[in-house]
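One structure is given below, encoded as structure tokens.
For the single chain, residues carry numbers from 1 onward in sequence order.
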Amino acid sequence: MGVTKETISPGDEKTFPKQGDKLTMHYVGTLASDGSQFDASRTRGKPFSFTIGIGQVIKGWDEGVMQMSLGEKAKLAITSDYGYGPAGAGGVIPPNADLNFEVELLAINGNNGKGGGKSSGCAAS
């Protein structure tokens with residue numbers, strides 16, 4: 001029970017998110033039972049941003065995404081207790097459904113790993 005991560009393509013393997021970081025990601029969510037897609041940021045053409053480790057997303061994301069490095073693309077297999085549980089969600093995720101997400105970590109605190117140099121996240125004064 002929980003979440004397992006399978007790397008599709010590696011990231012930089014040195015920059016990992018920490019609790020409280022603002023992440024920007026692309027994702028495609030499917031039901032593990034039949035592979036039907038229930039949501040995708042890629043379809044909308046707009047990445048999803050959230051703060052990791054504070055309960056803004058399902059537990060499977062909070063735990064699984066923290067194992068990813070910047071730029072990594074991975075599959076997260078999430079059991080229902082780490083997903084939406086007995087309640088399901090939005091009429092598209094049934095109760096007690098196991099979920100699969102293909103996720104790509106695009107940026108951590110606005111840093112996408114491109115552009116050279118490390119950003120402190122602070123603006124120059």
- [ ] Can you see which heavy atom on Ile8 is nearest to which on Lys75, and at what distance?
- [x]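 Of all heavy-atom pairs spanning Ile8 and Lys75, the closest is CD1-N, 3.9 Å.
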- [ ] Specify the closest pair of heavy atoms between Ser41 and Met25, including all atoms of both residues, with the distance to one decimal.
- [x]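 Heavy atoms only, the tightest pair is OG-O, 4.0 Å.
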Return the [atom1] to [atom2] distance between [X] and [Y], rounded to the nearest 0.5 Å.
| X | Y | atom1 | atom2 | value |
| --- | --- | --- | --- | --- |
| Lys73 | Met68 | NZ | CE | 10.0 Å |
| Asp81 | Asp98 | CG | CG | 8.0 Å |
| Asn100 | Glu6 | CG | CD | 9.5 Å |
| Asp12 | Leu105 | CG | CG | 9.0 Å |
| Ser9 | Glu72 | OG | CD | 7.5 Å |
| Thr24 | Leu106 | OG1 | CG | 7.0 Å |

Is there a path of hydrophobic side-chain contacts, each under 4.5 Å between heavy atoms of I, L, V, M, F, W or Y residues, that connects [X] with [Y]?
| X | Y | answer |
| --- | --- | --- |
| Phe16 | Phe101 | no |
| Tyr84 | Val92 | yes |
| Phe38 | Phe48 | yes |

Keeping the roles fixed (side chain from [X], backbone from [Y]), state whether a donor-acceptor pair exists under 3.5 Å.
| X | Y | answer |
| --- | --- | --- |
| Asn112 | Ala107 | no |
| Thr51 | Gly20 | no |
| Asn96 | Ser80 | no |
| Ser69 | Glu13 | yes |
| Gln19 | Gly53 | yes |
| Asp62 | Ile52 | no |

Please examine the side chains of [Y] and [X], heavy atoms only from C-beta on, and report whether any two atoms are closer than 4.5 Å.
| X | Y | value |
| --- | --- | --- |
| Trp61 | Ile78 | yes |
| Leu99 | Leu31 | yes |
| Leu23 | Phe50 | yes |

Open item on the list: Testing the 3.5 Å rule here: is there a donor-acceptor pair between the side chains of Lys5 and Thr7?
Closed with: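 Distance-only check passes for Lys5 and Thr7.
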- [ ] Would you tell me whether Tyr27 and Asp39 have side-chain atoms, one donor and one acceptor, within less than 3.5 Å of each other?
- [x]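 The criterion, which ignores hydrogens and geometry beyond distance, is satisfied for Asp39 and Tyr27.
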